Amino acid sequence: MTRPTIAITMGDPAGIGPEIIMKALAHPEVHALCKPLVIGDAGRLRQAGRIVGAEIPVDALEDAGAAEFTTAAVQCVDLACVPDGLPFGQVSPVAGEAAYRFIETAVGTVQAGLAQGICTAPLSKEALHAAGHKFPGHTELLAHLTGTPEVSMMLVSPKLRVIHVTTHIGLIDAIAKIEPGLVERVIVRGHDVLVRAGIANPKIGVCAINPHAGENGLFGRGEEAEKIAPAIEACRARGWDVRGPLPADTLFFLAGRGDYDMVVAMYHDQGHGPIKVLGLEAGVNITVGLPVIRTSVDHGTAFDIAGTGVADERSLVEALRQAVDLAPKQAA
């Protein structure tokens with residue numbers, strides 16, 4: 001099999017994205033895994049390389065078709081949209097527009113068959129909104145660009161996989177949005193990803209909404225029975241090993257020790273908290289349900305350290321590895 005080409009978007013150019021990309025592309029293992037193609041701004045990458053001490057040449061390309069992976073130079077589709085002197089660590093509509101264009105170009109690159117997956121460096125939702133792109137984050141933006149009506153966020157660490165029923169909405173709105181059809185569709189998407197990853201009969205645990213899974217009606221208003229249990233029964237009818245609704249605190253403990261292949265979280269913080277406790281450097285964000293493969297680091301733009309050269313690239317390296325694992329395989 002040949003190495004897949006993975007389009008790496010630079011994220012918000014005022015954040016740590018350019019730095020972690022240059023650090024990651026200094027790892028020989030990354031080039032052994034894939035053909036990394038950066039979608040970004042060549043000048044900003046060169047600046048980031050100087051900051052982190054990764055003096056790797058950067059080839060500025062007009063389009064993805066011009067990429068050559070025969071030298072050590074970073075291959076960058078150069079959109080040339082980051083002005084010289086753009087400060088690190090500050091929210092900017094200019095940076096938000098650049099981040100949007102990087103994603104838009106990456107989607108087009110994969111759709112044209114010039115890359116087999118997308119790996120995203122972090123963007124700033126505030127900067128994205130300031131540029132006029134009213135999306136809660138990468139997940140929703142990618143769904144829009146690919147015409148996908150519904151996707152799910154999956155977070156993966158070495159010890160835990162978590163897929164979310166709801167993500168970037170308030171807690172009260174999340175509870176209102178949860179219903180059996182949505183829960184079932186999320187379980188199906190997660191199950192399909194695990195089967196493609198080689199887990200023939202994954203064991204899936206589904207979180208409750210309320211403490212102690214409602215304690216037989218003592219807590220909450222019957223949300224578990226109304227919103228979650230029917231979806232679990234529907235999935236069991238397919239012959240799948242799906243269990244719940246289970247108290248989230250107990251379920252994450254059991255999953256962390258290996259009893260479950262995936263946890264279904266009902267809302268953002270229920271799923272994000274346990275993953276991030278295990279370490280940001282190990283977490284990877286996978287958008288499930290898109291017609292293109294997309295993985296991402298599981299951390300933000302880190303404006304507080306952007307431009308200092310201290311950002312940790314390990315989550316990006318792991319995200320690239322996950323993108324390679326999920327990418328369509330091509331014969332040599």
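On a predicted model such as this, the values are computed, not experimentally measured, just so you know. Just so it is clear, the values below take in all heavy atoms, side chains as well, and ignore hydrogens, waters and symmetry mates. One-based numbering along the sequence shown.
- Counting heavy atoms from C-beta on, the side chains of P245 and I232 come closer than 4.5 Å.
- Between H168 and H268, the ring planes lie tilted relative to each other; the angle falls in the 30° to 60° range.
- Atom CD1 of I172 has 12 or fewer neighbouring heavy atoms from other residues, nucleotides or ligands inside a 6.0 Å radius.
- When the side chains of ILVMFWY residues are joined at heavy-atom separations under 4.5 Å, either directly or via intervening members, L142 and M153 end up in two distinct hydrophobic clusters.
- Under a 3.5 Å cut-off, the side chain of T148 and the backbone N or O of E150 do not form any donor-acceptor pair.
- The backbone N or O of L61 sits nowhere less than 3.5 Å from a side-chain atom of D78 that would complete a donor-acceptor pair.
- Side-chain contact between V162 and L160 is present, with at least one heavy-atom pair separated by less than 4.5 Å.
- Hydrophobic clustering keeps I169 apart from L141 (ILVMFWY residues linked when any side-chain heavy atoms are closer than 4.5 Å, directly or through intermediates).
- With rounding to the nearest 0.5 Å, the separation of CG in L86 from SG in C81 is 10.0 Å.
- For I21 against T9, the heavy-atom pair with the smallest separation is CD1-O, 3.9 Å.
- Summarising the local packing, CD of E62 is surrounded by 12 or fewer heavy atoms from other residues, nucleotides or ligands at distances under 6.0 Å.
- D84 CG: 12 or fewer foreign heavy atoms inside a 6.0 Å radius.
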- Query: Can you check side-chain contact (heavy atoms from CB on, under 4.5 Å) on H129 and H133, steps first, answer last?
  - Reply: CA-CA 5 Å; H129 284 211; H133 303 292; over 6 Å; no

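- Checked by atom type and distance alone, the side chain of R161 pairs as donor or acceptor with a backbone atom of D261 at under 3.5 Å.
- Remark: R257 fails to qualify as a cation-pi partner of F252 under the 6.0 Å distance and 45° angle criteria applied to the six-membered ring.
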- Give the intermediate values and the outcome of salt bridge (Lys or Arg N to Asp or Glu O under 4.0 Å) for residues R238 and E184. CA-CA 11 Å; R238 300 170 184 249; E184 182 180 355; 3.1 Å; yes

- Message: Assess the residue pair V297 and V284 against the criterion (side-chain contact (heavy atoms from CB on, under 4.5 Å)); give the C-alpha distance rounded to whole Å, side-chain angles, the decisive distance to 0.1 Å, and a yes or no.
- Response: CA-CA 5 Å; V297 296; V284 174; over 6 Å; no

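- Note on ring orientation: taking the six-membered ring where Trp is involved, the planes of H212 and F219 are perpendicular (angle over 60°, cut-offs 30° and 60°).
- Taking all atoms of both residues into account, the shortest heavy-atom contact from G15 to A306 is C-CB, 3.7 Å.
- The minimum heavy-atom distance linking V195 with A200 is given by the pair CG2-O, 4.0 Å.
- Taking CD1 from I118 and OG1 from T109, the interatomic distance works out to 8.0 Å, rounded to the nearest 0.5 Å.
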- Task: Carefully, step by step, assess I8 and L25 under the rule side-chain contact (heavy atoms from CB on, under 4.5 Å).
- Result: CA-CA 11 Å; I8 307 170; L25 296 188; 4.2 Å; yes

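- Two different hydrophobic clusters hold L128 and F88 under the rule that ILVMFWY side chains link at heavy-atom gaps under 4.5 Å.
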- Task: Start with the C-alpha distance between L123 and H138, add both sets of side-chain angles, then the distance that settles side-chain contact (heavy atoms from CB on, under 4.5 Å), and finish with yes or no.
- Result: CA-CA 8 Å; L123 55 69; H138 267 123; 3.3 Å; yes

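- In this structure, S296 and R294 have side chains that are in contact, with non-hydrogen atoms separated by less than 4.5 Å.
- Contact of the M262 side chain with the H191 side chain is not registered, since no non-hydrogen atoms from C-beta on lie closer than 4.5 Å.
- When atom types are taken as modelled, the side chain of T105 and the backbone of F102 share no donor-acceptor pair closer than 3.5 angstrom.
- A distance of 5.5 Å separates CG in L246 from CG in L251, rounded to the nearest 0.5 Å.
- Annotation: side chain of I20 is in contact with side chain of H299 (closest heavy-atom distance under 4.5 Å).
- For the pair T146 and V107, the minimum side-chain heavy-atom distance is below 4.5 Å.
- Annotation: E68, atom CD; neighbour count of heavy atoms from other residues, nucleotides and ligands within 6.0 Å does not exceed 12.
- Within the 4.5 Å cutoff, the side chain of E224 has heavy atoms near those of the N210 side chain.
- The minimum heavy-atom distance linking C76 with A42 is given by the pair SG-N, 3.8 Å.
- Between the side chains of Q47 and R50, no donor-acceptor pair is found at a separation under 3.5 Å.
- You'll find the side chain of Q90 stays beyond 4.5 Å of the side chain of S92, heavy atoms only.
- Across all their heavy atoms, I51 and G307 have their closest contact at CG2-O, 3.5 Å.
- R101 has no carboxylate O lying under 4.0 Å from a charged side-chain N of E104, or vice versa, which leaves the two without a salt bridge.
- Listed for the D269 side chain is no donor-acceptor partner under 3.5 Å among the backbone atoms of H272.
- A single hydrophobic cluster is seen to contain both L45 and I305, as judged by linkage of ILVMFWY side chains at heavy-atom distances under 4.5 Å, directly or through other members.
- Distance alone, capped at 3.5 Å, places no donor-acceptor pair between the E313 side chain and the L316 backbone.
- A donor-acceptor pair is defined here as one N or O able to donate and one able to accept, closer than 3.5 Å; no such pair exists between the side chain of E19 and the backbone of I16.
- Of the inter-residue distances, the one linking L79 atom CG with I39 atom CD1 reads 7.0 Å to the nearest 0.5 angstrom.
- Distance alone, capped at 3.5 Å, places no donor-acceptor pair between the D59 side chain and the V74 backbone.
- Formation of a donor-acceptor pair under 3.5 Å by the R236 side chain with backbone atoms of D241 is not found in this model.
- Here the OG atom belonging to S315 is positioned 9.0 Å from the CG atom belonging to N285, to the nearest 0.5 angstrom.
- One distance of note links CZ of F69 with CD of Q75; it measures 5.5 Å at 0.5 Å rounding.
- The pair E226-R221 does not meet the salt-bridge criterion, since no charged nitrogen lies less than 4.0 angstrom from a carboxylate oxygen.
- Ring-centre distance between Y267 and H164: not below the 6.0 Å cut-off.
- In terms of modelled atom types and a separation under 3.5 Å, the side chain of K203 and the main chain of V242 share no donor-acceptor contact.
- Linking ILVMFWY side-chain heavy atoms closer than 4.5 Å, directly or via other members, places L155 and V151 in two distinct hydrophobic clusters.
- Residues L33 and P4 approach most closely at O-CD, 3.7 Å, considering heavy atoms.
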